[in-house]
Visitor: 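Shown below is the structure under consideration.
Each chain gets a letter, A, B and so on, in the order its sequence line appears, and its residues count up from 1. Atom set for the values below is all heavy atoms of this structure, side chains included, hydrogens, waters and symmetry mates excluded.
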Protein chains: 2
Amino acid sequence: MSRPRATIVVTGSELVRGDRQDRNGPFLASEVVRLGLDPDRIVIVGDAPDDLGPVLAAALESDLCLVSGGLGPTHDDRTVEMVARAAGRELHVDEGLETEIAAISRMVAERLGRPYSDFEDGVRKQATLPDGAVSLGLAGTAPGLVLDANGCVVVILPGPPRELQRLWPRALETERVRAVLARAPAVRRRVLRFFGTPESAVATALADAGGDGDGVEVTICAREFEIHVDLVAEPGAEARTDSIASTLRSALGRHLFAEDERTVAEIVLDLCRELGLTLATAESCTGGLVSSRLTAVPGSSEVFVGGVVAYADDVKRAGLGVPDALLEEHGAVSAEVAQAMAQGVRERLGADVGVAVTGVAGPEGGTPEKPVGLVFVHAAGPDGEEARRTELPGDREMVRGRATAAALHLARKLLQTRHTDE
Amino acid sequence: MSRPRATIVVTGSELVRGDRQDRNGPFLASEVVRLGLDPDRIVIVGDAPDDLGPVLAAALESDLCLVSGGLGPTHDDRTVEMVARAAGRELHVDEGLETEIAAISRMVAERLGRPYSDFEDGVRKQATLPDGAVSLGLAGTAPGLVLDANGCVVVILPGPPRELQRLWPRALETERVRAVLARAPAVRRRVLRFFGTPESAVATALADAGGDGDGVEVTICAREFEIHVDLVAEPGAEARTDSIASTLRSALGRHLFAEDERTVAEIVLDLCRELGLTLATAESCTGGLVSSRLTAVPGSSEVFVGGVVAYADDVKRAGLGVPDALLEEHGAVSAEVAQAMAQGVRERLGADVGVAVTGVAGPEGGTPEKPVGLVFVHAAGPDGEEARRTELPGDREMVRGRATAAALHLARKLLQTRHTDE
């Protein structure tokens, strides 16, 4: 049974000019893969009619066409108009939708202290739909749309990733999209997530397990400095999927940290909750990335009390009680100072568990003894500690991101050990 | 004089399935923009001939076609073969190239302890070029190539971003690519960045200025909760660009915060540097996002001393010295506590300027008096303060992101006022 094909069209001049990296294409692609469809291409195109027109025309030859962006109120947001043209549909203003968008725009106008008249044209534009299109409701002031274009189901979603991801599930509930999905073979999906092992080691283990195929599709991908393995099984291939999973488990068990979709931040917070422990962070080179990852999780305030970003040494001393002697003897980037930061934040913020990071993010500040990328992470709990020294590759952003992952995974390790001890 | 068009084709099954984010498309796109060309689309496509073939055929209608990936030694690396087919070229083995690649492969074989015969087919494949193609030299064992396909100059580059970026400058030195670049008019680009005004208000102002066209291309895009306006002027249209810019300036001057590419974090740090002031943050609902945005900037340690993430009220008291009375009387989410946090972090961390955020990020914790999205930001300096109360729309991530932007822009406002006073 062959899979329906999905073509993804991402519009936005700033994207096709490389000013910003597109996140919608990869998101929608992995979604359609998860749903058992075949993504054939992702096209990133500007909103000039001469560019967008031919791309949309070609995309409508697919079974499912997902279009993102160009739904804003401004002159260069042409997606709806261009899709209508490609599908041979007239446009009309949806009164109900216009009222809905107007209500929101009035609030925004008030908040910004602008006359509503500034918004009127934009509201009318955003309430204009191709004949036969179904609204998915609003994200911001832009509606998502679904329509049938001579056999191709077209889903139009707003460009801001968060808004797109909020409306996407609603598209999956529409009759038209459900009809396309019904033509895809039912698949069962399972995930294995590893940390601290290279992608190639996972690939080798997979090869030892016989590789994919025979109804099992395996994708190995590096994300958030972790290796995520997705196993998608077609009906009848469940047993083979299980054997691949167990081979990977026995080959790389040490590095396996999850068999579900939870992020490491969620896992750390859940472990703290289960153990009845509170958590605090002490960060130097990551500058607040660890605490922002933790506090991104709803309900994190139940266990996360706070953190100290100790960028200057004075703050390491005054804010975390790191002894002068330690800083002088070992330097701010050292195992000793990482430990003192973790212990200090536990004490100063009255938390059960303290997680600390100190390192050289670069591009400046590296020395032969302490090169850019050298990072020390430390986790201190009520009855145990974990420490790690690592040299991380990449530029400043990479080093900070990898160091954040290292800190969160060290905390997970400390808590999981304690968890299994109990 | 119209700009030559460039089409970018990025191959790779893991990319079209969303397993990994493509970095080559954005890199090549910003390069061609920098060189005065018009990138019309970036196509991410798998290496199956049925998918790749039509995409390449369409791409060869452009003036410049940049292809990345699919140059490996294995059977599913089909880029060279498919480009040759699309260009109607025969393939031949380049003896010199074969010797070059063989030498490297022999070293690899030795290191891995494999017989060279394992590599022989791959070497021959990687040394196979379309007739008339020029090699750019090797990255790894794959050569970059340039060829002329009936008027379209095709550049083929390896998929690994580092290798692609190393060979790209060599492509720019080839006669064929230079000839395309010579046809590009010099464009002048200018940017205007606004905060606190809706996209539609900018669109209205642009319409009042006569809109774009006539050699001026205007892109309005909402990014990081700011509105970024890009003006690209072709030769002769500079005057019109200036008049559009000044219309926008006079209509929305209050909200204009930059006419360059600097982020608000960079602007805040630069202002501190110019004024000889140090900076510290006190964050509740943003949980470290403000400090992580600041420390993402290289050299931020010169002015940013650190921050306190005061999530629990105890940390607001102990870490920032927020008086009990204030917390009891006004609650943690209040103008009074925001001010106390900003003043507290100045004092505790010994910084000249303190920036504080407190609010309800949601999804839980909202009340009729203090709904989800209610945020107070406060900036306190050596001789002045700025405060703002705002109700932000969106989910937890949106509210946190908007609150972070609000805090950084409030700090900028405080510092700019002081700056102009001097």
Side-chain angles (χ1 to χ4, degrees), chain A residues 13-14 16-21 25-27 29-30 33 39-46 51 55 72-76 108 111-112 114 118-119 122 162 219 221-222 287-289 291-292 294-296 298-299 301 304-312 314-315 319 348-350 363-364 396-397, chain B residues 14 16-21 25-27 29-30 33 39-46 51 55 196-201 203-204 211 219-221 223 287-289 291-292 294-296 298-299 301 304-312 314-315 318-319 348-350 363-364 391 395-398:
Chain A
S13 300
E14 74 283 5
V16 80
R17 298 169 64 81
D19 297 341
R20 181 166 33 154
Q21 182 141 48
F27 169 79
S30 47
V33 168
D40 61 357
R41 64 185 182 276
I42 301 169
V43 185
I44 299 167
V45 61
D51 296 338
V55 166
T74 62
H75 73 292
D76 54 4
V108 178
R111 199 178 86 240
L112 299 172
R114 315 272 321 173
D118 282 6
F119 294 75
R162 239 150 262 116
T219 49
C221 94
L289 283 173
S291 59
S292 61
L294 289 164
T295 53
S301 55
F304 180 73
V305 296
V308 174
V309 177
Y311 226 52
D314 285 343
V315 177
R348 295 295 181 99
L349 269 54
E364 304 304 320
R396 182 181 180 86
E397 192 185 346
Chain B
E14 75 286 3
V16 79
R17 299 171 56 80
D19 297 340
R20 181 173 306 137
Q21 186 143 42
F27 169 79
S30 47
V33 168
D40 61 357
R41 64 186 182 275
I42 301 169
V43 186
I44 299 169
V45 62
D51 295 338
V55 167
T197 185
E199 200 173 351
S200 54
T204 309
T219 336
I220 303 173
C221 104
R223 196 190 296 186
L289 283 173
S291 59
S292 61
L294 289 164
T295 54
S301 55
F304 180 75
V305 298
V308 174
V309 177
Y311 226 51
D314 286 344
V315 175
R348 296 294 181 97
L349 270 55
E364 305 304 320
E391 288 188 34
D395 60 16
R396 181 180 182 87
E397 202 177 344
M398 286 284 240

Visitor: Could you look at A/R114 and say if it's the side chain, the backbone, both or neither that has a heavy atom under 4.5 Å from chain B?
Guide: side chain
Visitor: Under a 4.5 Å heavy-atom cut-off, does chain A meet the side chain of B/R17, its backbone, both or neither?
Guide: both
Visitor: Is chain A contacted by the side chain of B/V33, its backbone, both, or neither, given a heavy-atom distance below 4.5 Å?
Guide: side chain
Visitor: Quick one: which of B/D395, B/I42, B/L289 has the most heavy-atom pairs under 4.5 Å with chain A, could you say?
Guide: B/I42
Visitor: What part of A/V315 gets closer than 4.5 Å to chain B, counting heavy atoms only: side chain, backbone, both or neither?
Guide: side chain
Visitor: Let's test your reading of the structure: which of B/A310, B/P198, B/G46, B/G196 forms the most heavy-atom pairs below 4.5 Å with chain A?
Guide: B/P198
Visitor: Shorter than 4.5 Å, heavy atoms on both sides: which option in A/S13, A/P363, A/G307 has the most such pairs with chain B?
Guide: A/G307
Visitor: Could you look at A/V308 and say if it's the side chain, the backbone, both or neither that has a heavy atom under 4.5 Å from chain B?
Guide: both
Visitor: Taking all non-hydrogen atoms of both residues into account, name the closest pair between A/A29 and B/V16 and its distance.
Guide: CB-O, 3.3 Å
Visitor: Picking from B/G319, B/G350, B/S301, B/A318, which has the most non-hydrogen pairs under 4.5 angstrom with chain A?
Guide: B/S301
Visitor: If I measure from the heavy atoms of chain B, does A/D314 come under 4.5 Å with its side chain, its backbone, both, or neither?
Guide: neither
Visitor: Counting heavy-atom pairs under 4.5 Å to chain A, which of B/E364, B/Q21, B/E14, B/M398 comes out on top?
Guide: B/Q21
Visitor: Can you name the one residue among B/T295, B/L294, B/V305, B/L349 that meets side chain to side chain contact (heavy atoms under 4.5 Å, CB included) with A/Y311?
Guide: B/T295
Visitor: Please check if the side chain of A/S292 supplies one atom and the backbone of B/G287 the other of a donor-acceptor pair under 3.5 Å.
Guide: no
Visitor: Relative to chain A, which of B/A203, B/P298, B/P39 shows the most heavy atom pairs under 4.5 Å?
Guide: B/P298
Visitor: Please list, chain by chain and in numerical order, all residues satisfying side-chain contact (heavy atoms from CB on, under 4.5 Å) with B/A296, sequence neighbours excluded.
Guide: A/R400
Visitor: Taking all non-hydrogen atoms of both residues, which atom of B/I220 and which atom of A/T74 are closest, and how far apart?
Guide: CD1-CG2, 4.4 Å
Visitor: Not counting sequence neighbours, which residues clear side-chain contact (heavy atoms from CB on, under 4.5 Å) with A/P73? List them please.
Guide: A/D77, A/Q126, B/E199, B/S200
